[in-house]
Each structure stands twice: as structure tokens, then as C-alpha cells.
Amino acid sequence: MNIQNLIETKVKEGFLALYEIEIPTVEFQATRKEFEGDITVVVFPLLRYKKGNPTQIAEDLGNYIIKNVKEINRFNVVKGFLNLVIDDAFYSNFFNAIYQQNNYGFVSSKPEEKSIMVEYSSPNTNKPLHLGHIRNNLLGYSVAEILKASGKKVYKTQIINDRGIHICKSMLAWQKFGNGETPASTGLKGDKLVGNYYVKFDQEYKKEINQLIARGKTEEEAKKEAPILLEAQQMLRNWENGNSEVTQLWEKMNGWVYDGFNITYKNLGVDFDKLYYESDTYLLGKDVVAQGLEKGVFYRKEDGSVWCDLTDEGLDEKIVLRSDGTAVYMTQDIGTAIQRVKDFSDVGGMVYTVGNEQDYHFQVLFLILKKLGFDWAKQLYHLSYGMVDLPSGKMKSREGTVVDADDLMIEMAETAKSISEELGKLDGYTEEEKSELYKTIGLGALKYYILKVDPKKRILFDPKSSVDFQGNTGPFIQYTYARIQSIIRKADFDFSNPVSIDLHEKEKEIIKILETFPEVVQQAAANYSPAIIANYTYDLVKEFNSFYQNVSILGEENKDKKIFRVQISKKVGDTIKLAFSLLGIEVPERM
RNA sequence: GGCUCCAUAGUUCAACUGAAUAGAACAUCAGAUUUCGGCUCUGAGGGUUGCAGGUUUGAGUCCUGCUGGAGUCACCA
């Protein structure tokens, strides 16, 4: 039982003993540093149950607690705040108890609990991944890891948007202008090569539009009638009819893109347990629509299209099947969700990592699935995140203002290199080891920069400040980790057994932060927020650096104190590593 | 226009879901190392939390209105 729970039951007990009143909850906060104490009971909310002077009530409760809780022997009252001083012995005992724990803060999954499927990435196969995908990937991966650490079983998945008119556009442009180019013949990554032809299509399309306008068409007409667009539309029909020439081209070019994506995913350090392809799922959902019609969840209009009326829930009417009987995006998503539960029978919920421009879509999707009566529909979560803006404004792929994912990772590693060459302690590292390290640091900077902000908020990505390595940054935390490892390497004595010492004030502060880690993991999971983990790690590291600067570790003369300080350093290092693993960030032994 | 989300130091972000004098980092200024890794640490200045009301013992947080910004309202995905 942790100390807060213990105090909570004692406060309740005390309230009953003093006033014969039962209270449901007790509100706590960490004691502000200008007052003496470690944990604070906020008395104001209790006034609802017992009218009176908050200071007096706090005094009474404080006296009750020091008599009945052996870990607490002093208290003070400031207005309605009861500041409790927890005995040092509690903290050193607590530290000794967690020191040997390997995955302190993580909870292993229970076999009887349902799994969660986390979807993220889900790119189109007509262009390379960019900065927006990076945020998506980092968030999805991290939330999946956090859910695992909080005790859930997790499947990571993505649905690859491998069909549709946009795919045909790059195929067509390659067919017309590609001269048989391949990734092998050009040395280009497959996704980059295909992306070039997507751009090429757009250029040709614009050219044709202008020609048509010059011949007297309106802009609107020109956009609809441009021959290259008509050709692409025909190609899509051919694909849907299974035309073998188109299918072969599609398989070949998508293969190039997958090879390219796999390299990017590997460099980014993300992975998936199961892949879904839109070409397999785009026809799903139609039979469910039929069932929904029978149940009265949907209704058919005169022209044959099928709709769901959500006006009672404050939303609109939403189409789920076109008048020609073909599926729309919503149909597909309904079908895919159901398919996933069929494929993985233990799935009890899903997380969709998709940008906030689709907030409405997911609101509707979840509502429809609930109406259809699936029990897992209550456990669906749209991990909605804000856009990534550049100082120059919005990223637009057609205008070439996107930040390419591969390029960005390379740039970050190069910045890391130039800083490390100046300041690093890398004697004895091979060139290969160094290059790996630069990647670790560069990625650490990038990932931390993106994950430390609340997913819901938009991010302004300034390439200049994202490569900052000081203050609240990934490399700052990695540096602290490397420094701790340096201490451990130099500690040539046995520090594996617990010792008993009087705590230094800074040591106590670190232990207090370590104590909250399990709760922070749970909180991050409950909020689907890697930012909570990032901010926690930074607080821990800042406190450790202050300790490091203020006390001598290996230079300490008292043997037990020296041992304890190495132990606390080690535990901080272990916790940094664990916390960063939840963000998908690696930590270096040296840097 | 309807609906949804956002607005906090010069800048980038926090604030445990309603509690003490709104906290960090960057930048600025002033300090610290015969010391375990100075990519560090200590300190200072910097705020009417977009504006105006309201609820509450207590509001950055909840409610209403307004201003500014974004998204969305396709038989697109």
C-alpha cells in the first residue's frame, strides 16, 4: 500500500472518530516547496461534510494522524492546507524495496483481460512519409507501449491505403513518362520514386487544365475534363475490374513503396503486429449495412442510398451506402472494425491514431458501431492529434513545402554529430558505433520534441529549435543517462546490497519523484498521453542533476552513503531508460 | 452560416482534471568547476492566463456572450 492510500484511510478514520462523519474521498497534492512537508491534505473540500474553521479541522486531523501513522511525526497547517512531514525512514525503506525491481512502474498484463488494438500510420501508397506521419507514428507507437506498460495486451496495426484514384495517378504518370525507371535503375527509394510521379501527374494535369481554359472552357469544366484525369479514372475502373495489366503495375509500384516505407519505419523504430490493406477491406461493411437496415439502425432513401440518422445525438444524417450500392469510407471503416475483432477475438477495444481533421468522422463511426450493438464499441478511442505547422505555415505536398521524414532524420543525426564531435567522450568508438550513436541522439531530439507536447495541440515545428540539445530536450535527458553510466562504470565496489543511512535532502526529493512513477504510467495510459511520460522524465532528470551538482557521489567518504548514492543514481538511470522506452527513445552509454 | 477544437512570460511548453504567491525550458542578465562527464548547476528580471460577465469558500480549469485562429459540414478518403 502506498503512503498516500495509507494516509487517505487514516484521514477518513480520523474524520469519523473526531466528528462522526463519513467522507468519500480525500484530496491530496504535493507540498509546495516553500512549506515544510511532503504531502498535503487539502481541507477545503471537507467543509462540505463538516462546517467549520478549516484551520481548526486541519489541526485536529493533523494531531490524529501523527498519533496513528507511524511514518508521520510532524505537521503544519497553512490556511486550509495540512502539510504532513513523512519520516525519512519511510523513503529509505521504500527505495530499498524498489531498488531490485526490474521493471519498476510497469504492470504485466493479466490473461483474463481483453486486448487493445492500436492503429497508427496508415499511409497512402502514392508518396513518401513526411513530418505529419512522423507525429502520427511516434504517438501511435508510444501510446501502444504505454498501454502495455500499464497492464494491457496490445496489438499494433495499420491500414495501408493502397488503392483509389490517388494511387492510379502516380501509376499513370509513371506509365506515360517513366521510361521504365525503377528504384534499382535510379538509386531512389521506392516511395520517393513513386512520389515523384504523383507530383508529375499533378504538373501535367495543371498543364492540361490551362490548355483547356485557353480554348474557352471554364476552370470547373477543365478540371473535370482534362484527359489525363479521365485516363486515371479509367485506370481505377480497370483496377476494380481486375484488369491484369493494371493489377500488375499496381503490385509492382506498391512493392517499391513498401520497400521504402519499411526503411523509414525501421529508422524511426516503429513496428506493427498486423497489417491491413485497403484493397482487401474496401468492400467490407456492406453486409453489415444490410443487417443495420433490418434492425432499423439505417434507412433507405428513394434513390436507393442508405443513411444513418444521428440528429437525435446532435449530429447530421450520414450516408453509409451510395445509391449505386457502392461503399463509402464510413462503410469500409465499419466493416474493418468488425473484421479486426473477428481476426483477434480477444480484442476488447481500439485506438485510432488519426489527425483531428477527422474528429467528426470518428464521432460518427463510434456512434454507429454502438447503435449496431457491438459490446466493444464502448471501448473505442480516437487518438486525435493536432497538425504540425512549419514557421512558414502549413505543409502542402503539392507545393513542395513538406518536410520529408527520411531527410529530417538524417539532418537530426548530422546535428548530433557536429555537437558530439565537439563535446563527446567517444574515445575507442568505431566509426560505425559513432554513426549509430548520432542516430540515437538525433532521433532522441526529434521524438522528444514531438512527444512532449499534448497530442491534442498543434505543433509548430521549428527546425532550428528542435535541434536544441539543452533544457527540456531528449539529448539533455540522454546526457544525464550517459553520465550516470559513467559513474556506474567507475564504481569499483559492491553496491548490490541495501544500506541504511540518513537521507540527504536531494536524495529524498529524488525518491519522492521515483515513488510517483507507477502512477504516472497509469495516468499516461488513461489519458493516452506520451507527454505525461516526457514531462515526468524531465522532472526526474532535473532533480538528479541538481543532486549530482550538490553532493559528491564517488568522492563521498562514508562508505554506506557512497553505496547509496550509486544505487540512487543507478535507479534513476534505470527509470530514465524505462520511461524513454515508452517514448520509443533509446539511451546511450556514452555520448 | 451550423457544429467541434484552440488561445497561458518575448518564444516553446506545464499546471495532478476546481485549491496556497500560475510553473519549467529557450533567449536576456548575474554567478558556480584545483570535483564523479560544464550538453551541468545556482540565482534575477519577465504574466490582468484573448476580452466581458456569471457559478463557487475558491476559477487558467466550469457556464454564457464576444474577439481572434484552426478544423469540419461531399453519394472524397
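Protein chains get the first letters and strands the later ones, always in sequence-line order, with residue 1 at the start of each. What you are looking at is a predicted structure, and each value in this text was computed from that prediction instead of being measured.
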Could you pull out every donor-acceptor pair under 3.5 Å between side chains of residues 520-529 of chain A and any protein atom, sequence neighbours left out?
from	atom 1	to	atom 2	distance (Å)
A:Gln522	NE2	A:Ser150	O	3.3
A:Asn527	ND2	A:Gln523	O	2.9
A:Ser529	OG	A:Ala531	N	3.4

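Separation of the C1' atoms belonging to B:U49 and B:A15 is 11 Å when rounded to the nearest angstrom. As rounded to the nearest Å, B:C73 and B:C51 have C1' atoms that lie 29 Å from one another. As rounded to the nearest Å, B:U64 and B:A9 have P atoms that lie 25 Å from one another. Rounded to whole Å, the separation between the P atoms of B:A52 and B:U48 comes to 12 Å. Spacing of C1' atoms, B:U11 relative to B:G46, comes out at 12 Å, to the nearest Å. The same atom, P, is picked in B:A22 and in B:C29; the two are 27 Å apart, to the nearest Å. Across B:U17 and B:U12, the matching C1' atoms stand 23 Å from one another, rounded to whole Å. The separation of B:G68 from B:C16, taken at their C1' atoms, amounts to 31 Å, rounded to a whole angstrom.
Considering only side-chain atoms of A:Tyr360, the nucleotide from B:C36, B:A14, B:U72 that sits closest is B:U72. Nearest to the side-chain atoms of A:Ala482 among the listed nucleotides B:A14, B:G37, B:A70 stands B:G37. Closest contact between the side chain of A:Phe35 and the listed nucleotides B:A20, B:G37, B:C39 involves B:A20. Side chain of A:Gln29, nearest nucleotide from B:A19, B:G71, B:G37: B:A19. For A:Ser546, whose side chain is taken as the heavy atoms from C-beta onward, the closest listed nucleotide among B:C36, B:U42, B:U21 is B:U42. Nearest nucleotide to the A:Pro45 side chain, out of B:A14, B:G37, B:A19: B:A19.
With rounding to whole Å, A:His361 atom NE2 is found 18 Å from B:C5 atom C1'. Atom CD in A:Glu317 sits about 15 Å away from atom C1' in B:G2, given to the nearest Å. Atom CZ of A:Phe44 and atom P of B:G58 are 11 Å apart (whole Å). B:C36 atom P lies 16 Å from atom CD of A:Glu556, rounded to whole Å. Rounding to whole angstrom units, CG of residue A:Asn527 and C1' of B:U17 are separated by 9 Å. A:Gln478 has its CD atom 18 Å from the P atom of B:G37, to the nearest Å. B:C16 atom P lies 19 Å from atom CD of A:Glu515, rounded to whole Å. Atoms CD (A:Gln523) and P (B:A15) sit 9 Å apart, rounded to a whole Å.
Counting non-hydrogen atoms under 4.0 angstrom, A:Glu422 reaches nothing in the nucleic acid. A:Val306 comes within contact range of no nucleotide atom at all, as no heavy-atom separation falls under 4.0 Å. A:Thr40 comes within 4.0 angstrom of a base, heavy atoms only. Among the heavy atoms of the strands lying under 4.0 Å from A:Phe476 are primed sugar atoms or P, OP1, OP2 only; no base atom is included. A:Val78 comes within 4.0 angstrom of a nucleotide base, judged by non-hydrogen atoms across all strands. At a threshold of 4.0 angstrom between heavy atoms, the contacts of A:Ile319 include nucleobase atoms, whether or not backbone atoms are also involved. A:Asn545 comes within 4.0 angstrom of sugar-phosphate atoms only, judged by non-hydrogen atoms across all strands, and of no base. Base contact: A:Glu27 has a heavy atom under 4.0 Å from a base atom. Using a 4.0 Å heavy-atom cutoff across all strands shown, A:Ser323 reaches at least one base atom of the nucleic acid. As judged by a 4.0 angstrom heavy-atom cut-off over every strand, A:Ala30 is placed among residues making no nucleic acid contact.
Taking the six-membered ring for Trp and thresholds of 30 and 60 degrees, A:Phe544 and A:Tyr548 have ring planes inclined between 30 and 60 degrees apart. Ring geometry for A:His361 versus A:Tyr329: interplanar angle under 30°, hence parallel rather than tilted (30 to 60°).
Within 6.0 Å of NZ on A:Lys223 lie no more than 12 heavy atoms contributed by other residues, nucleotides or ligands.
Remark: ring of A:Phe81 does not overlap the six-membered base ring of B:A19 in a stacked fashion, as centroids less than 5.5 Å apart with planes less than 30° apart are not both met.
Close to B:U21, at under 4.0 Å from its OP1 or OP2, lies a side-chain N or O of A:Lys79. Between A:Ser420 and B:C39 there is no side-chain polar atom (N or O) within less than 4.0 angstrom of OP1 or OP2. The shortest distance between the side-chain N/O atoms of A:Arg322 and the OP1/OP2 oxygens of B:C76 is below 4.0 Å. Note on A:Lys457: a side-chain N or O is less than 4.0 Å away from OP1 or OP2 of B:A7.
The side chain to side chain donor-acceptor pair (under 3.5 Å) with A:Glu507 is formed by just one residue from the set A:Lys561, A:Arg565, A:Lys512; it is A:Arg565.
A:Tyr120 meets the ring-ring contact (aromatic ring centres under 6.0 Å, His included) test with A:Phe272; sequence neighbours excluded. Here A:Glu36 pairs with A:Arg74 under the side chain to side chain donor-acceptor pair (under 3.5 Å) rule; sequence neighbours left out. Remark: A:Glu414 pairs with no residue by the side chain to side chain donor-acceptor pair (under 3.5 Å) rule, at least two apart or across chains.
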* Between A:Ile441 and A:Phe469, is a side-chain contact (heavy atoms from CB on, under 4.5 Å) present by the stated rule, with each step listed? -> CA-CA 9 Å; A:Ile441 300 171; A:Phe469 284 15; 3.7 Å; yes
Q.
Applying side-chain contact (heavy atoms from CB on, under 4.5 Å) to A:Ile459 and A:Arg135, what does each step give before you reach the verdict?
A. CA-CA 9 Å; A:Ile459 285 188; A:Arg135 187 176 197 191; 3.5 Å; yes
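In this structure a side-chain-to-backbone donor-acceptor pair under 3.5 Å is missing from A:Thr537 to A:Ile576.
For the pair A:Lys562 and A:Phe493, the cation-pi criterion (under 6.0 Å, within 45° of the ring axis) is fulfilled. Cation-pi check for A:Arg340 over A:Tyr276 is met; the charged atom lies under 6.0 angstrom from the ring centroid and within 45 degrees of its normal.
A glycosidic torsion no more than 90° from 0 defines the syn conformation, and B:U17 adopts it.
Nearer the 5' end of RNA chain B, as judged by each residue's closest nucleotide, is the contact made by A:Lys456, out of A:Asn83 and A:Lys456. If you find the closest nucleotide of RNA chain B to A:Lys490 and to A:Leu321, the one lying nearer the 5' end belongs to A:Lys490.
For RNA chain B, the stems formed by at least three consecutive Watson-Crick or G-U pairs, with both atom-pair distances below 3.5 Å, span B:1-7 with B:67-73, B:10-13 with B:23-26, B:28-32 with B:40-44, B:50-54 with B:62-66.
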Readout for nucleotides 23-29 of chain B: B = base within 4.0 Å of protein heavy atom, S = sugar-phosphate only, - = neither; 5' to 3' it is SSSS---
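For A:Glu436 and A:Tyr429, the side-chain atoms include no donor-acceptor pair closer than 3.5 Å.
Evaluation of atom-type donor-acceptor distances gives a pair under 3.5 Å for the side chain of A:Gln549 against the base of B:U40.
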